[in-house]
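For ligands, and for the atoms within them, numbers begin at 1 and follow the listed sequence. Residue indices begin at 1 and follow the sequence shown. Atoms considered below: every heavy atom in the structure, side chains included; atoms not considered: hydrogens, waters and symmetry mates.
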Amino acid sequence: MTERTLSIIKPDAVAKNVIGQIVARFEGAGLKVVAARLTQLSQADAEAFYAVHKARPFFKDLVSFMISGPVFVQVLEGEGAILKNRDLMGATDPKKAEKGTIRADFADSIDANAVHGSDAAETAANEIAFFFPGMQIHSR
Ligand code: CMP
């Protein structure tokens, strides 16, 4: 099934100048970028985006990390895009991420873990609407 998922290249990976290398992995796996922009999240944006984690002990650090520099937000489209993106990213904790995954290759810690990807169809729809409301998606 053709799906869409939200991907964020986080401030650590943007600072390392590896946006292109990460996008190349998505494209190499058959995912298409159908919307994208570089943006600086405000504290309110980051808190709203990660609201599901509000009660978690890592919430404060997560929010301050996500606003520490620009992020590259994009919608990826393709066959089984949600799971495909998660496989490409590897485990949340880069120490546990399989060799050859984005997090194994580019991430430094569980906070500075290079990328975010939607975890299920419902969250993908919500996360895409959060960053790309309206007509900014270009399927082809
Ligand atoms: P992400 O996929 O963006 O979703 C929430 C983020 O919280 C996660 O990636 C990690 O960067 C961060 N995080 C920090 N500590 C933890 C933890 N113990 N479990 C899950 N996520 C964590």
- Message: Between Glu77 and Lys32, does the salt bridge (charged side-chain N to carboxylate O under 4.0 Å, His left out) criterion hold? Intermediate values first, please.
- Response: CA-CA 5 Å; Glu77 183 182 86; Lys32 290 179 185 174; 5.5 Å; no
- Query: Which residue pairs pass the salt bridge (Lys or Arg N to Asp or Glu O under 4.0 Å) test with at least one member in residues 105-126, sequence neighbours excluded?
  - Reply: Lys16-Asp108, Arg25-Asp105
- Could you tell me whether a side-chain N or O of Ser64 sits under 3.5 Å from a main-chain N or O of Lys60, the two making a donor and an acceptor? yes
- Message: Please list all pairs meeting ring-ring contact (aromatic ring centres under 6.0 Å, His included) that have one or both residues in residues 102-122, counting only residues at least two apart or in different chains.
- Response: Phe49-His116, Tyr50-His116
- Item | Of all pairs that satisfy ring-ring contact (aromatic ring centres under 6.0 Å, His included), the ones with a partner from residues 56-94, not counting sequence neighbours | His53-Phe58
Quick check for students: name every N or O atom pair between ligand 1 and the protein closer than 3.5 Å, with distances.
from	atom 1	to	atom 2	distance (Å)
ligand 1	2 (O)	His116	ND1	3.0
ligand 1	3 (O)	Lys10	NZ	2.7
ligand 1	3 (O)	Tyr50	OH	2.5
ligand 1	3 (O)	His116	ND1	3.0
ligand 1	9 (O)	Lys10	NZ	3.2
ligand 1	9 (O)	Asn113	ND2	3.4
ligand 1	11 (O)	Lys10	NZ	3.2
ligand 1	11 (O)	Ile110	O	2.6
ligand 1	11 (O)	Asn113	OD1	3.3
ligand 1	11 (O)	Asn113	ND2	3.2

- Could you tell me the separation between the CG atom of Leu88 and the CD atom of Glu98, rounded to the nearest 0.5 Å? 11.5 Å
